[in-house]
Engineer: 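Below is the structure I would like to discuss, written out as structure tokens.
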Amino acid sequence: MHILVTGGAGFIGSHLVRHLLTVHPSYTVTNLDKLTYAGNLANLRDVEAMPNYRFVKGDITDAAFLEGLFTENRFDGVIHLAAESHVDRSISSPVEFVMSNVLGTVNLLNAARVAWDGAFDGKRFYHVSTDEVYGTLGREGMFTERTPYDPHSPYSASKASSDHFVRAFHDTYGLPVVISNCSNNYGPCQFPEKLIPLFINNIRHNKPLPVYGKGENVRDWLWVVDHARAIDLIYHQGLDGETYNIGGHNEWTNIDLIRLLCGIMDRKLGRDPGTSESLVTYVTDRAGHDLRYAIDASKLQRELGWVPSLTFEEGLEETVEWYLSNQEWLDEVTSGAYQHYYEEMYAGR
Ligand code: NAD
Ligand code: TYD
């Protein structure tokens, strides 16, 4: 079995690549990644020497490059994660999100369609998507696989569009596809522009913790390794053309999560209780900020037997431990260009 993973140098992709190489040692895994600011080969240091792992640097917006890659290799499957993934960046640079997330996905679908040329037996195109395509919830209810799409940010609109193209390739050409829509992930190797690693890094440096609006928005958090486990299960056992929601049944308002995180950080850094929380600074809300996400993952549990493996308290503790033990990783990714982005993003907020 030869699987092409796109975006394997990113946060979730690197956990997935490691999981596949470990759990399926007979598989070959090719990791295709453009290595944007979010792609980091250091995330895969521990597996890069494995004989069944290969890295290819490339851009999914380049159709000719993809055609060549699919001609040189006989991929049995594609697990597609490569994307621009940060909502705040999508607000400042929406076109980049259309290029990678929409055009890139269509190019990849087309390359697989042409290479497999109707011989779809044993083939699979797995598209990794987000719960953000469903829009926002009020205080009640959860997203199911039948919730109508209602994206609000350029990021979620680009992911929604890519999901539609994946289904269109299934319905039009018979391409064997499967899609999953997952809630917010957390864990090691997440780029520190997302809430949890950003706040860990800021607490470490005694910098303000910029809470958008009143901190009342709700997210449903999932341990990244549990996402990788779910993708593996769905890749192998999910039904053709189906969608599976993945989530932790783990809803937190941002401010409650931040308080929990601050408590763990005070303890780990030997600071007095309340020290980290005093860094909380309320800033102007994100434009179009979705109030609440909550995933109903009962289909995945019922049909494929998947359940999350860790409680949030355990996972957050492990996450903090990882960032504090890997400060050189944090320093490396927060230097240079990122610093410039960060200053621009929070200027005047
Ligand atoms: P990430 O930003 O950490 O990683 C994305 C990776 O894609 C990077 O390695 C980057 O270099 C690569 N990439 C970007 N554009 C590319 C291009 N044009 N060609 C080739 N490679 C390119 O993102 P992540 O958090 O790991 O998310 C991975 C996928 O999972 C995305 O599709 C995202 O929409 C989805 N997802 C993320 C979350 C989450 O909480 N992070 C939740 C649900 C779904
Ligand atoms: P984020 O990690 O960017 O994920 P997403 O927007 O995909 O859910 O943000 C998680 C929540 O935290 C979201 O409600 C926005 C909020 N947030 C802040 O309050 N401050 C910040 O600096 C960041 C990055 C996010």
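Scope of the values below: all heavy atoms of this structure, side chains included, with no hydrogens, waters or symmetry mates. Start at 1 and go down the list; that is how both ligands and their atoms are numbered.
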Engineer: Does the His289 side chain pair with the main chain of Asp285, one donor and one acceptor, at a distance under 3.5 Å?
Structural biologist: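 No, because the side chain of His289 does not come within donor-acceptor range (under 3.5 Å) of the backbone of Asp285.
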
Engineer: Please say whether Glu84 places an N or O atom under 3.5 Å from an N or O atom belonging to ligand 1.
Structural biologist: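 Among all N and O atoms of Glu84, none is under 3.5 Å from an N or O of ligand 1.
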
Engineer: If you measure from atom 14 (C) of ligand 1 to every heavy atom of Ala83, Ser100, Gly247, which option wins on shortest distance?
Structural biologist: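 That would be Ala83.
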
Engineer: Check whether any heavy atom of Tyr155 sits under 4.0 Å from an atom of ligand 1.
Structural biologist: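 Right, Tyr155 reaches ligand 1.
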
Engineer: Is there a donor-acceptor pair under 3.5 Å between the side chain of Thr275 and the backbone N or O of Arg271?
Structural biologist: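 No; judged by distance alone, with no hydrogens or angles, the pair does not exist.
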
Engineer: For atom 26 (O) of ligand 1, which of Asp33, Val56, Ile12 has the closest heavy atom?
Structural biologist: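 The option holding the nearest heavy atom is Ile12.
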
Engineer: Which atoms of ligand 1 have any heavy atom of Gly58 under 4.0 Å away?
Structural biologist: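 Under 4.0 Å from Gly58, ligand 1 has these atoms: 19 (N), 20 (C).
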
Engineer: Mark up the atoms of ligand 1 that fall under 4.0 Å of a heavy atom belonging to Cys182, in ascending order.
Structural biologist: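 Under 4.0 Å from Cys182, ligand 1 has these atoms: 42 (C), 43 (C).
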
Engineer: Checking Lys159 side chain against Val128 main chain: does a donor-acceptor pair fall under 3.5 Å?
Structural biologist: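 Present.
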
Engineer: Counting only heavy atoms, tell me which of Ser129, Gly7, Gly13, Ser85 gets closest to atom 44 (C) of ligand 1.
Structural biologist: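 That would be Ser129.
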
Engineer: Short list, please: which atoms of ligand 1 are under 4.0 Å from a heavy atom of Asn184?
Structural biologist: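 Under 4.0 Å from Asn184, ligand 1 has these atoms: 40 (O).
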
Engineer: May I have all residue pairs that pass ring-ring contact (aromatic ring centres under 6.0 Å, His included) and include part of residues 98-132, sequence neighbours excluded?
Structural biologist: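 Non-adjacent pairs meeting ring-ring contact (aromatic ring centres under 6.0 Å, His included): His80-His127.
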
Engineer: Among all protein non-hydrogen atoms, which one is nearest to atom 19 (N) of ligand 1, and what is the separation to 0.1 Å?
Structural biologist: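 For this ligand atom, the closest protein heavy atom is Ile60 N, 3.1 Å.
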
Engineer: With the criterion set at N/O pairs under 3.5 Å, what does the list of contacts between the protein and ligand 2 look like, atom names and distances included?
Structural biologist:
| residue | atom | partner | partner atom | Å |
| --- | --- | --- | --- | --- |
| ligand 2 | 2 (O) | Leu195 | N | 2.9 |
| ligand 2 | 3 (O) | Arg286 | NH2 | 3.1 |
| ligand 2 | 4 (O) | Asn184 | ND2 | 3.3 |
| ligand 2 | 6 (O) | Arg286 | NH1 | 2.5 |
| ligand 2 | 6 (O) | Arg286 | NH2 | 3.3 |
| ligand 2 | 7 (O) | Glu132 | OE2 | 2.6 |
| ligand 2 | 8 (O) | Asn184 | ND2 | 2.9 |
| ligand 2 | 8 (O) | Arg219 | NE | 2.7 |
| ligand 2 | 12 (O) | Asn254 | ND2 | 3.4 |
| ligand 2 | 14 (O) | Arg219 | NH2 | 3.3 |
| ligand 2 | 14 (O) | Asn254 | ND2 | 2.9 |
| ligand 2 | 14 (O) | His289 | NE2 | 2.7 |
| ligand 2 | 19 (O) | Tyr212 | N | 2.9 |
| ligand 2 | 20 (N) | Pro210 | O | 2.7 |
| ligand 2 | 22 (O) | Pro210 | O | 3.3 |
| ligand 2 | 22 (O) | Tyr346 | OH | 2.7 |

Engineer: Taking 4.0 angstrom as the limit and counting only heavy atoms of Thr36, give me the atoms of ligand 1 inside it, by number and element.
Structural biologist: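 Under 4.0 Å from Thr36, ligand 1 has these atoms: 10 (C), 11 (O), 14 (C), 15 (N).
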
Engineer: Mark up the atoms of ligand 1 that fall under 4.0 Å of a heavy atom belonging to Leu35, in ascending order.
Structural biologist: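 Every atom of ligand 1 under 4.0 Å from some heavy atom of Leu35: 11 (O).
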
Engineer: Does Val128 come within less than 4.0 angstrom of ligand 1, counting non-hydrogen atoms of the residue?
Structural biologist: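 Right, Val128 reaches ligand 1.
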
Engineer: Indicate yes or no for a side-chain donor-acceptor contact from Asp226 to the backbone of Ser309 under 3.5 Å, with no hydrogens or angles considered.
Structural biologist: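 Yes, the answer is positive, given that a donor and an acceptor are paired below the 3.5 Å cut-off.
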
Engineer: Within a distance under 4.0 Å of any heavy atom of Leu81, pick out the atoms of ligand 1 and give their elements.
Structural biologist: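 Matching atoms, with element in brackets: 28 (C), 29 (C), 31 (C), 32 (O).
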
Engineer: Backbone N or O of Tyr235 within a donor-acceptor pair of the Arg124 side chain at under 3.5 Å?
Structural biologist: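 Such a contact is found between Arg124 side chain and Tyr235 backbone.
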
Engineer: Looking only at atom types and distance, does a side-chain atom of Glu314 sit under 3.5 Å from a main-chain N or O of Thr311, one as donor and one as acceptor?
Structural biologist: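 Flag set: sc Glu314 to bb Thr311 pair under 3.5 Å.
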
Engineer: Closer than 3.5 angstrom, by distance alone: can the side chain of Asn101 be matched with the main-chain N or O of Glu84 as a donor-acceptor pair?
Structural biologist: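 Yes, Asn101 side chain to Glu84 backbone: donor-acceptor pair under 3.5 Å.
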
Engineer: How far is atom 40 (O) of ligand 1 from the closest protein heavy atom, and which atom is that?
Structural biologist: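 Going atom by atom, the protein heavy atom closest to atom 40 (O) of ligand 1 ends up being Asn185 N, 2.8 Å.
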
Engineer: Between Asn43 (side chain only) and Ala9 (backbone N and O only), is there a donor and an acceptor less than 3.5 Å apart?
Structural biologist: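 Between the backbone of Ala9 and the side chain of Asn43 there is a qualifying donor-acceptor contact (under 3.5 Å).
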
Engineer: Does some non-hydrogen atom of Ser183 fall short of 4.0 Å from ligand 1?
Structural biologist: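 Ser183: in contact with ligand 1 (<4.0 Å).
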
Engineer: With the threshold set at under 4.0 angstrom, would you say Ala9 reaches ligand 1 through any of its heavy atoms?
Structural biologist: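 Ala9 counts as a contact of ligand 1 under the 4.0 Å cut-off.
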
Engineer: Gly10 versus ligand 1: do any nitrogen or oxygen atoms come within less than 3.5 Å of each other?
Structural biologist: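 Such a contact does occur with ligand 1.
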
Engineer: With Val5 as reference, evaluate Leu16, Thr30, Val78, Ile231 under the side chain to side chain contact (heavy atoms under 4.5 Å, CB included) test and give the passing residue.
Structural biologist: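 For Val5, the side chain to side chain contact (heavy atoms under 4.5 Å, CB included) test succeeds with only one of Leu16, Thr30, Val78, Ile231, which is Leu16.
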
Engineer: Atoms of ligand 1 less than 4.0 Å from Lys159 heavy atoms?
Structural biologist: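 Here the atoms of ligand 1 in question are 31 (C), 32 (O), 33 (C), 34 (O).
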
Engineer: Where is the nearest protein heavy atom to atom 21 (N) of ligand 1: which residue, which atom, and how far?
Structural biologist: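 Ranked first by proximity to atom 21 (N) of ligand 1 is Lys34 N, 3.1 Å.
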
Engineer: Just to verify, which of Asn107, Leu108, Leu109 counts as forming a side chain to side chain contact (heavy atoms under 4.5 Å, CB included) with Thr105?
Structural biologist: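 Single pass found, and it is Leu109.
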
Engineer: Output yes when a side-chain donor or acceptor of Thr144 lies under 3.5 Å from a complementary backbone atom of Met142, and no otherwise.
Structural biologist: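 Side chain of Thr144 to backbone of Met142: no pair is present.
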
Engineer: Note the single closest protein heavy atom to atom 25 (O) of ligand 1, along with its residue, its atom name and the distance in Å.
Structural biologist: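 I find the closest protein heavy atom is Phe11 CD2, 3.7 Å.
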
Engineer: Keeping Ser14 on the side-chain end and Phe11 on the backbone end, is there a donor-acceptor pair under 3.5 Å?
Structural biologist: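 Pair found, side chain donor or acceptor close to backbone of Phe11.
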
Engineer: By number and element, which atoms of ligand 1 are closer than 4.0 Å to a non-hydrogen atom of Asp59?
Structural biologist: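 Numbered from 1, ligand 1 contributes 17 (C), 18 (N), 19 (N).
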
